[in-house]
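Following: one structure in structure tokens, then a few remarks.
Source: prediction; values computed, not measured. Throughout, protein chains are lettered first and strands after them, A, B, ... in sequence-line order, and every chain is numbered starting at 1.
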Amino acid sequence: MLTKDQIAQRIAKEVKNGQYINLGIGIPTLVANYIPEDLDVVLQSENGLLGIGPFPTEAEVDPDLINAGKQTITLAKGSALFNSAESFAMIRGGHVHLTILGAMEVSENGDIANWKIPGKMVKGMGGAMDLVASADNIIVAMQHCSKSGESKLLSACSLPITGIRCVKKIVSDLAVLEVLPEGGFLLKERAPGVSVEEIKSKTAGKLIIEGEIPEMIFD
Amino acid sequence: MIDKTVKNAQVAVADIPSNCMLMMGGFGLSGIPENCISALLERDINGLTIVSNNAGVDDFGIGLLLKKRMVKKMISSYVGENAEFERQLLNGELEVDLIPQGTLAERVRAGGAGIPAFFTPAGVGTEVAEGKETRVFEGKTYLMENWLKADFSIVKAWKGDTAGNLIYKGTARNFNPIMATAGKICIAEVEELVPAGELDPNEIHTPGIYVQRIFQGVNYEKRIEQRTISK
């Protein structure tokens, strides 16, 4: 099983040179730590910044510079600042190449649920609905099962959905899977030490297994 | 130049009545109008509808207005960090309208720009789409969303001049420039107020036409929610 950092590390391998990328809160934020230094990419922050830099030193902390998770940040070289309408214009307008976010559930046709649990306090969707409705390339970072062991990769989402038919790829603690346009989770890679049988038993939606499934390789 | 200067926050918010609609800039606690929030707390008004991306925390920002029971309804995208908010919501004392953040921003922009409605992909197929008109463009389904306008919008900028021109700093810009355009009366509080002519016109973010009242704020706390430091 992968740790959260290993999920982030595996997702970072999907990043390509020249991409503008939006990272969600939680595991997706960790992806920034594993993007190879020889790639030129720009991280978008939905509150109005292209070019998120590293966290500040104590001396650099500026309350007027935060990311979407309200953490203090710095500006990367060549960054740009703008207002919230412009931020979502570039998201909806298809200018952001890659969106990485967390999920509570994903269905075999690519629906995602990550904003609301009925009966629990509803905090809101933030920018998630805009992001999933707009991005062409959405990778989800998630745990394969809930704490009680229920599969979170389903034939249909049971929770209120955030967006329809939008997830392209999932990196869970057990596996890398592609969501096929015609429906179904195509198993691409296994986490080290995790068997195809275990992934099969923990995937409630339609799982497609073609040939030998390689283990993930970490550098 | 038309002089938009008022003496202070108390004067700026003195005529905001109960049961009106307010917009307030800010993302989390960054770029919120701290002085106007303090001045509103001294007013004996309630029943406010507040459009703001977030609802502050228990002891700062809009959370203070909630605690004093001045707010009837919040229109926001994310309201997580506030226990009093949760209590009022679960007791049915507070209404909340949750809106996707980009839709919220565009509805405010549209309100200020005279566009009564627009189509967006955000929320298609979700409960956000319930009861809303949809239309297909180039094979993809979009939702119709209406503009948002307010009786007053209250914004915070870094620098401003007496003509109401504003410049923001860092990510404290967020919703402030669009909200400035969507209030019948826009009140701007700034960290530094200078005479008209001293700001470089090339660098103005909000042209003074949108701003009716401006003053220099005092004692900015600029509280940080998640102080995160590099090792």
query = Does the side-chain contact (heavy atoms from CB on, under 4.5 Å) test come out yes or no for Thr162(A) and Thr126(B), once each step is laid out?
reply = CA-CA 6 Å; Thr162(A) 311; Thr126(B) 76; 5.6 Å; no
inquiry  = Check this for me: does any side-chain nitrogen of one of Asp62(A) and Lys222(B) sit under 4.0 Å from a carboxylate oxygen of the other?
reply    =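 Salt bridge absent between Asp62(A) and Lys222(B).
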Option that, when pairs with chain B are counted at under 4.5 Å, heavy atom only, ranks first among [options]:
options: Gly48(A), Ser45(A), Gly127(A); answer: Gly127(A)
options: Ile73(A), Leu75(A), Leu81(A), Ile161(A); answer: Leu81(A)
options: Pro63(A), Ser87(A), Ala89(A), Gly163(A); answer: Pro63(A)
options: Arg165(A), Lys116(A), Glu86(A); answer: Lys116(A)

key: Neighbours of chain A found in residues 85-109 of chain B - heavy atoms under 4.5 Å   =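 Interface residues of residues 85-109 of chain B: Phe85(B), Glu86(B), Leu89(B), Leu98(B), Ile99(B), Pro100(B), Gln101(B), Gly102(B), Thr103(B), Ala105(B), Glu106(B), Arg109(B).
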ask   = Under a 4.5 Å heavy-atom cut-off, does chain A meet the side chain of Ile178(B), its backbone, both or neither?
value =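 Contact with chain A: side chain only.
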query = Side chain, backbone, both or neither: which part of Asn54(B) has an atom under 4.5 Å from a heavy atom of chain A?
reply =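 For Asn54(B), the side chain is the part near chain A, not the backbone.
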Structural part of [X] lying under 4.5 Å from a heavy atom of chain B:
X: Glu46(A); answer: both
X: Val122(A); answer: both
X: Ile91(A); answer: neither
X: Asp111(A); answer: neither

What distance do [X] atom [atom1] and [Y] atom [atom2] have between them, rounded to the nearest 0.5 Å?
X: Glu60(A); Y: Ser230(B); atom1: CD; atom2: OG; result: 7.0 Å
X: Ser134(A); Y: Lys140(B); atom1: OG; atom2: NZ; result: 5.5 Å
X: Ser77(B); Y: Phe88(A); atom1: OG; atom2: CZ; result: 7.0 Å
X: Arg92(A); Y: Tyr142(B); atom1: CZ; atom2: OH; result: 10.5 Å
X: Tyr168(B); Y: Asp64(A); atom1: OH; atom2: CG; result: 13.0 Å
X: Leu65(A); Y: Lys169(B); atom1: CG; atom2: NZ; result: 6.0 Å

inquiry  = Could you check whether any side-chain N or O of Thr171(B) sits under 3.5 Å from a backbone N or O of Ile66(A), counting only pairs where one atom can act as donor and the other as acceptor?
reply    =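 Pair found, side chain donor or acceptor close to backbone of Ile66(A).
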query = With no hydrogens and no angle check, is any side-chain donor or acceptor of Thr72(A) less than 3.5 Å from a backbone partner on Arg227(B)?
reply =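 Between the backbone of Arg227(B) and the side chain of Thr72(A) there is no qualifying donor-acceptor contact (under 3.5 Å).
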key: Minimum heavy-atom distance between Asn83(A) and Pro177(B), given as atom pair plus value   =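 In this case the closest contact between Asn83(A) and Pro177(B) is CB-CG, 3.8 Å.
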inquiry  = Could you report the tightest heavy-atom contact between Tyr78(B) and Lys70(A), atom names first, then the distance?
reply    =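 Closest approach of Tyr78(B) to Lys70(A), heavy atoms only: CD2-NZ, 4.0 Å.
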query = Are side-chain heavy atoms of Thr228(B) and Phe55(A) found at a separation under 4.5 Å?
reply =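 Side chain of Thr228(B) against side chain of Phe55(A), heavy atoms only: contact under 4.5 Å found.
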ask   = Between Met125(A) and Val128(B), is any pair of side-chain heavy atoms under 4.5 Å apart?
value =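 In short, these two side chains touch, coming nearer than 4.5 Å.
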